[in-house]
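This report refers to the structure that appears directly beneath it.
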Amino acid sequence: MKYVLVAINLPVKNLFRQFIYRLPENLLQVGEGWRVIVPFGSQKVEGFVVQAFSREEAAEVLQKDNPDFSFAGVKEVSAALGTRPWFNDEMLQTAKWLAKYYLCSLAEAMRLFIPGKTSIRRKPVYQGGKLIAYDVEERLKARTVLAYNITEAGRAALQAGNPRAKVQMRALELLQQAAEPVDGKEAEAQHISAAVLRALAEKGWALRTEKRLLRNSYDRQAEWKETLQLTSEQEQAVLKIRASLDHFASSCPQEFLLQGITGSGKTEVYLRAADYALRQGRQVLVLVPEIALTTQIVQRFQAWFHNEVAVVHSKLSQNERGDVWYKMRTGEANVLIGVRSAVFAPFKNLGLVIIDEEQENSYKQEERPAYHAREVARCRCNNNSAVLLLGSATPSLETYYRAVSGSIGHLQLTFRPGNSVLPAVDVVDMREELAQKNFSVISRKLRREIVAAVHAGQQAVVLLNRRGYSTFVMCRDCGETLTCPHCAVSLVYHADEQVMRCHYCGNTYPIPRTCPDCGSRRIKFFGSGTQKAEQEISQMPGVRVLRMDQDSTATKLAHEEIIGRFVKKEANVLLGTQMVAKGHDIPDVTLVGILAADSALNLPDFRASERGFSLLIQAAGRAGRGDKPGRVVLQTYDPENEVINFAKKQDYETFAKRELAQRKVLLYPPYGQIIKLTVIDKNEKKAWELGDEVALFLRNRCEMEKWGRTEIMGPFPSGVAKVRDLYRINIVVKSMDMEKVKNCLSGSRFRTVKNIYFDVDPITAI
DNA sequence: AGCACGCCGACT
DNA sequence: GTCGGCGTGCTC
């Protein structure tokens, strides 16, 4: 008798146990890594087989933590999903690591590997028009078509020939030539109808099979295949990565930081590294922050590797995503480009993972389990003996620290290929502008530069800060800003819809005529300076503006369209928030303007400087990509600000050293690790009580167990203290001894309490 | 997630 | 006295 231990795939936080089931006679092939349907309580649910064993082994394992376990209540597995295990050993190992590291259940970790998080859907069962129950069925449907293979008899018939059946002979010819079974559509293209294929099958000349049809909505032809001459630095980087791909497990590092200034050609290194891995018969995963902002990488890879490349992005349907996963598993495609979740794809033989712009926050999942794709990738690379390549101009301080301290390889690209030089950065003091009676949000210098660039037939990019871009409503008498009644945030004015909108709960409200607090009629729209900026810029001589922001890019692929129109010179100034700073490479952009550079730097969070610095460098990097030199005008009210000065000099190293020194003092990463615990409750008092209990518990245990250097902060209200009428209270633990903190938490009752969320390595500590 | 069980408030 | 609110606990 065979038994299996099953992790139940339900989106429940407190289901940490696995359950045992008996395998029926017809499912004896089921073992570790299979997806199954099992009865659970009164319903049927999906489960993942974590272990398979005999009756004796099962008894031994189960009696260890439950001495009076009996087989009496054990149920049978209802069905197997698919025809082979979904998880191989490596995926299972990664899931187990993830569950432990991020303090979630094994099932929660495993379901990340399932496209769409579950393989089944509930199917209502009707009898006599009445709903009697729910059954379950497979959710992802593989689309199949009938296809035909030539048989021996067919080959003989073709050899013999038959002048009276010309079409049949041509069909046999086609089947013989084809490597894969031929379907009706493919035959149609050769002017052979499906009926002819059927006739061949009836004669025994062809064998009918089912072929899986793969959908691909991101199938666009890429032209642009040019093989650029590598610089000496690029060459060196490629050689080192190759050496690691050649003999892992030896003295070569398995992980690299590829730190290259903007425009230094990191993509060229990625391509060569990927090419080498493919030649070894191994697969490559390329993670990008967002597909729409990285079309150039996608195009380069498609031009180089053609249909070896598969792309996953958030606009793919669940079925399409399933097809991409299938291609990787079978080796039909061998390069996968995708965002965060692509790190959970099934690979046949993973050899290299590339993470572009590794410092980007989009690699961190916000919802539970709050994993970071870089950490998951590192685990998968270790389990696969694969190489991990992290690329950035401004790496995260965690990664930079690993590189300079020698625990990973450090590859550097310090100059741009060709004659291209880094742009000159001019800092403009906006206080001085005010003193000179310029009340505009555009400095005189930036105005001159824009007009000059446009006049010379060149283009400009202007970066607005998102916070400055939002417009709030403020009362001039009592100073109140209009806030959402359900969330602790200001409402944002949307000019196009003429409403006030909450960016957390999405509710909209009419625009007030009077202050809801004091009744005053003196209402001011605060922050509208950026609309003024757009207006002013568009009125400059010869300027045609294109705007790119959340509002103008409702659909994700619209980014691409806007960039495309800008490249085609339908406009000469591109105006927008963060996203104009990222990724794209437009040769005629010679000027970048950054309005209000400081507002991003003054957030009360330990990563604010790092993020701000990175944004400034990225934005500046858009200028002078082609053969014309670029310039950057950076406007600030705080020209003495250190971060702005490091950005002006494009000096990452000194910036990083200064920042690391601060983090060391304050026990922030990479020196201390962080866990953020958030208590969420509609009752504010209850939230505080539970928060106090958690903090007290941790402080006691910290003292009792003598944890290494640890600081416990809070409870304090979360940065957004209320969302959708739910109060949020945080406790932040910083520690050099995180293993102990995690063990303590996972052994506590808080692990299964529903309204406490754990965020390991959070992006923000507020 | 569902479902059962159990303990307090407002009704026929 | 009962109906039903949801807080808690369990599912092999």
Side-chain angles (χ1 to χ4, degrees), chain A residues 1-25 27-28 30-81 99 104-112 114 116-125 131-139 367-369 679-690 693-694 724-727 748-757:
Chain A
M1 211 89 87
K2 212 175 149 191
Y3 291 83
V4 286
L5 199 59
V6 174
I8 303 296
N9 181 15
L10 284 177
V12 202
K13 188 195 170 186
N14 52 4
L15 208 51
F16 279 85
R17 305 172 44 211
Q18 276 86 248
F19 295 83
I20 191 159
Y21 290 89
R22 185 167 4 94
L23 284 179
E25 283 297 309
L27 293 178
L28 291 177
V30 167
E32 201 176 286
W34 281 67
R35 294 166 302 154
V36 288
I37 293 174
V38 290
F40 189 68
S42 61
Q43 31 172 357
K44 285 193 172 176
V45 297
E46 180 183 23
F48 308 122
V49 176
V50 178
Q51 211 181 332
F53 31 43
S54 67
R55 192 185 171 95
E56 293 72 37
E57 289 165 331
E60 197 183 317
V61 168
L62 290 157
Q63 273 157 7
K64 219 177 348 178
D65 49 28
N66 180 11
D68 37 62
F69 167 81
S70 101
F71 281 95
V74 172
K75 295 181 181 173
E76 258 186 7
V77 171
S78 311
L81 288 162
C104 67
S105 73
L106 184 56
E108 274 186 292
M110 291 180 87
R111 72 206 303 265
L112 294 167
I114 308 293
K117 293 180 184 159
T118 168
S119 313
I120 57 176
R121 80 168 149 221
R122 299 172 79 211
K123 194 176 93 181
V125 181
L131 177 70
I132 52 162
Y134 283 96
D135 205 351
V136 290
E137 63 173 12
E138 260 205 271
R139 193 170 51 89
E367 311 95 71
R368 218 190 56 230
V679 178
I680 298 179
D681 203 308
K682 63 178 189 295
N683 182 328
E684 192 175 4
K685 191 161 157 268
K686 275 191 181 171
W688 279 104
E689 280 167 7
L690 187 52
E693 191 191 336
V694 174
R724 292 172 202 269
D725 290 319
L726 296 171
Y727 291 88
S748 75
R749 79 171 190 95
F750 304 118
R751 176 159 100 149
T752 52
V753 172
K754 276 182 187 153
N755 55 345
I756 299 182
Y757 291 84

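To find a chain, count down the sequence lines: A is the first, B the second, and so on, and within it residues start at 1. Remember, predicted model here, so these are calculated numbers, not experimental data.
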Query raised in the report: What is the minimum heavy-atom distance between A/Pro369 and A/Leu112, and which atoms define it?
Result: CG-CD1, 3.9 Å

Requested in this report: Provide the closest heavy-atom pair for A/Leu23 versus A/Val30 in the form atom of the first, atom of the second, distance.
Outcome: CD1-O, 3.5 Å

**Report entry** side chain to side chain donor-acceptor pair (under 3.5 Å) pairs, two or more places apart, involving residues 32-44 of chain A
**Finding:** A/Arg35-A/Ser119

Report task. Assign the ring pair A/Tyr3 / A/Phe71 to parallel, tilted or perpendicular, where the plane angle (0 to 90°) is split at 30° and 60°. Result -> tilted

Requested in this report: Name all residues meeting the salt bridge (Lys or Arg N to Asp or Glu O under 4.0 Å) criterion together with A/Lys123; count only those two or more places apart in sequence or in a different chain, and write none if there are none.
Outcome: A/Glu137

Report summary line: Hits for salt bridge (Lys or Arg N to Asp or Glu O under 4.0 Å) against A/Arg22, two or more places apart or cross-chain, chain-then-number order -> A/Glu76

**Report entry** salt_bridge(A/Glu46, A/Arg139) N-O dist < 4.0 Å
**Finding:** no

Query raised in the report: What residues form a ring pair (Phe, Tyr, Trp, His ring centres under 6.0 Å) with A/Tyr21, not counting sequence neighbours?
Result: none

Would you classify [X] as touching base, sugar-phosphate or nothing, given that sugar-phosphate means primed atoms plus P, OP1 and OP2, and contacts are heavy atoms under 4.0 Å?
X       : result
A/Arg17 : base
A/Tyr21 : sugar-phosphate
A/Val12 : base
A/Ile8  : nothing

Taking only N/O atoms, report every protein-nucleotides 2-4 of chain B pair under 3.5 Å with atom names and distance.
none

Report task. Walking along DNA chain C from 5' to 3', note the first and the last nucleotide with an atom under 4.0 Å from a heavy atom of chain A, and give both. Result ->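 Range of nucleotides within reach of chain A: C/dT11 to C/dC12.
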
